[in-house]
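Each remark here refers to the structure printed beneath this line.
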There are 2 protein chains.
Amino acid sequence: MTVTIKDIAREANVSFSTVSKALNDSPLVKEPTKQRILALAKEMGYEINTSAKILATGKSNAVGIYCPEITDQQYAVYVLEVSRELRQRGFLPCISSSSYDDAKEMFSRLKVACVIVADDQEIQFPNTDFVYHPFSGNADDQEKNHYTLKRDAALKAASLLNHSGHRTALILSEFHSDWLYRTLKRDSEFNTINHLQVNNNDIDRLYTSLKNTLDQTIPDAIICSSRNLAELTFVVGKSLGLKIPEDCSVIAFDGNVSSDSPVSLFGYSSKKMAAATADYVYAVINKREYHYVNLNPEMTLNYTVKL
Amino acid sequence: MTVTIKDIAREANVSFSTVSKALNDSPLVKEPTKQRILALAKEMGYEINTSAKILATGKSNAVGIYCPEITDQQYAVYVLEVSRELRQRGFLPCISSSSYDDAKEMFSRLKVACVIVADDQEIQFPNTDFVYHPFSGNADDQEKNHYTLKRDAALKAASLLNHSGHRTALILSEFHSDWLYRTLKRDSEFNTINHLQVNNNDIDRLYTSLKNTLDQTIPDAIICSSRNLAELTFVVGKSLGLKIPEDCSVIAFDGNVSSDSPVSLFGYSSKKMAAATADYVYAVINKREYHYVNLNPEMTLNYTVKL
DNA sequence: CTGTTAGCGCTTTCAA
DNA sequence: TTGAAAGCGCTAACAG
């Protein structure tokens with residue numbers, strides 16, 4: 001059977017309320033008694049019944065993380081990392097990636113103090129005091145969020161390329177996405193900027209389109225909207241006898257810039273976002289002041305870019 | 001303030017235990033009364049307090065899913081899918097992908113009836129009645145698990161290739177993995193079978209090694225240990241003027257075989273595994289008989305294989 | 001069919 | 001410094 005505070009109380013010859021206090025490290029119980037109880041609890045294999053605790057207090061240290069698109073690498077890294085960070089700050093992270101209703105129910109069961117939405121949709125959780133949307137486009141402008149950040153990163157990368165003599169660029173994106181092209185078209189200093197949109201799943205066509213495009217003109221830089229596209233571009237480039245980066249630099253956006261990438265990247269670090277999120281959550285829940293950390297665009301430059 | 005069954009009881013002029021029964025759809029309460037109470041509950045915005053319910057019953061319909069490597073696409077798909085399937089069967093899926101201790105605590109809070117370990121390690125959860133390891137190598141041999149399944153799939157693919165005249169093969173794997181080569185070396189009917197191991201992150205070397213290898217001899221088939229490797233192989237092959245599949249077929253193992261892949265795949269379907277898992281969990285928890293479904297190796301063949 | 005009552009394990013006054 | 005007692009919201013006998 002499970003061990004309760006009553007069992008411990010009996011063994012320790014104290015009342016069960018004393019045990020409760022000892023277990024919560026209350027100053028109202030004498031140190032030796034406390035130690036004795038703690039030791040006994042450990043020995044007897046006591047585990048707190050959280051339902052009872054939540055019922056009695058109406059509080060919980062659980063934090064919900066809602067991530068409907070966990071199969072997206074970027075969110076997965078963020079979720080993993082934010083879990084770790086929350087845990088370090090004494091919270092209990094609880095992920096839901098099934099339906100919205102599921103998430104709502106689970107979070108309400110756990111009486112979460114906060115839910116973090118790892119998605120670009122601004123999903124709401126009505127009965128939660130505090131819902132945070134680090135990835136949504138409309139987040140309060142006090143801080144840099146994902147949306148602003150990826151544009152900043154793109155512009156920073158473009159600026160670097162411009163300053164190192166890159167004058168023409170080819171933007172390679174997936175069909176559904178044109179933010180990169182739009183951003184660079186408007187705010188960068190390339191003389192010529194072309195856009196090639198491809199279907200990531202049709203590798204044969206991708207190869208052909210890219211080859212045809214490069215057969216006509218070689219841009220100074222190929223800027224891809226994902227790491228995967230950049231890897232394929234790299235191989236296609238090599239196969240066309242292109243010297244990378246002498247003839248043409250290759251760089252890509254990535255939502256999880258890290259140092260072990262084979263191609264140069266710009267973007268942001270999901271890990272750092274995660275740490276910032278955890279700090280923010282901690283501050284809000286504990287009603288502390290929070291100093292917004294400006295997350296910076298990140299870049300990993302390696303031999304695929306000519307500087 | 002939150003609405004409790006007592007509030008409803010007062011409004012409805014019944015005792016609160018009647019409300020409890022009505023809310024649990026007990027046959028012990030007259031239909032009109034039940035309807036009245038249900039309507040009232042809805043109107044008043046009643047939400048059950050799960051902590052109280054768990055405390056009172058000692059039971060919960062929550063199922064834990066432990067997935068430490070959620071950034072692995074294959075597990076991510078599985079987790080997503082198993083969540084959906086469990087939900088459909090009336091369970092509440094709860095994912096943890098942080099530390100083991102986190103997971104244990106969260107699962108104990110939720111009083112999960114079962115935990116599913118989405119990992120190849122056979123991780124145990126001591127205080128849970130029922131822990132299921134669909135991805136571990138040592139699972140009971142009553143059913144085909146991930147481990148058996150990937151070998152079966154590889155052999156089935158090899159057999160198909162053999163029967164359609166492929167006599168020589170090049171196995172392309174990442175450095176840390178040689179199961180594919182070992183399996184095919186031992187049990188397939190290729191005359192010649194070579195192994196090239198590459199580092200997925202060093203795309204430049206990957207290109208060179210693969211090019212050098214193919215410059216010497218062209219195998220009838222290139223069998224890759226991941227979809228990503230196959231995509232790169234495809235592009236390298238094209239760039240060398242290789243006609244795919246006339247000169248050489250390309251196929252890859254994938255833990256999540258689906259029809260939208262640009263290259264031919266063999267492996268299994270995480271989605272089907274997920275459905276089987278959910279069935280199994282349902283049967284065990286409800287003490288029903290379970291008929292093991294033999295999950296079958298899956299294949300997606302498209303133009304990259306010559307038949 | 002409906003109501004009464006006694007807990008589930010814990011926290012938290014309040015009294016000793 | 002400790003203990004007694006009430007109560008968090010709900011379920012589950014049992015009695016009516």
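All values below were derived from every heavy atom in this structure, side-chain atoms included, with hydrogens, water molecules and symmetry-related copies excluded. Every chain is numbered from 1, with letters handed out A, B, ... down the list of sequences.
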Atom CG of L55(B) and atom C1' of dC8(C) are separated, to the nearest Å, by 4 Å
_Check this for me: does any side-chain nitrogen of one of E105(A) and R87(B) sit under 4.0 Å from a carboxylate oxygen of the other?_
yes
Whether each nucleotide of nucleotides 10-16 of chain C has a protein heavy atom under 4.0 Å at its base (B), only at its sugar-phosphate (S) or at neither (-) is summarised, 5' to 3', as BBB----
Separation of dT2(D) atom C1' from K30(A) atom NZ, nearest Å, is 9 Å
Whole-Å distance, R36(A) CZ to dT1(D) C1', equals 13 Å
To the nearest 0.5 Å, atom CG of L55(B) lies from atom CG of N49(A) at 6.0 Å
note: N13(A), atom CG; dG3(D), atom C1'; distance rounded to Å ~ 13 Å
- [ ] Please state whether the rings of F107(B) and F125(B) are parallel, tilted or perpendicular, taking 30° and 60° as the class boundaries.
- [x] tilted
TODO: Kindly indicate, with the supporting measurements, whether the criterion side-chain hydrogen bond (donor to acceptor under 3.5 Å, both in side chains) is fulfilled by S97(B) and Y75(B).
DONE: CA-CA 11 Å; S97(B) 60; Y75(B) 292 129; over 6 Å; no
Between R84(A) and D102(B), does any side-chain N to carboxylate O distance fall below 4.0 Å? no
Practice problem: Using a heavy-atom cut-off of under 4.0 Å over every strand shown, decide if T33(A) touches base, sugar-phosphate, or nothing. | Solution: sugar-phosphate
query: Is K34(B) salt-bridged to D25(B), going by a charged N under 4.0 Å from an acidic O?
result: yes
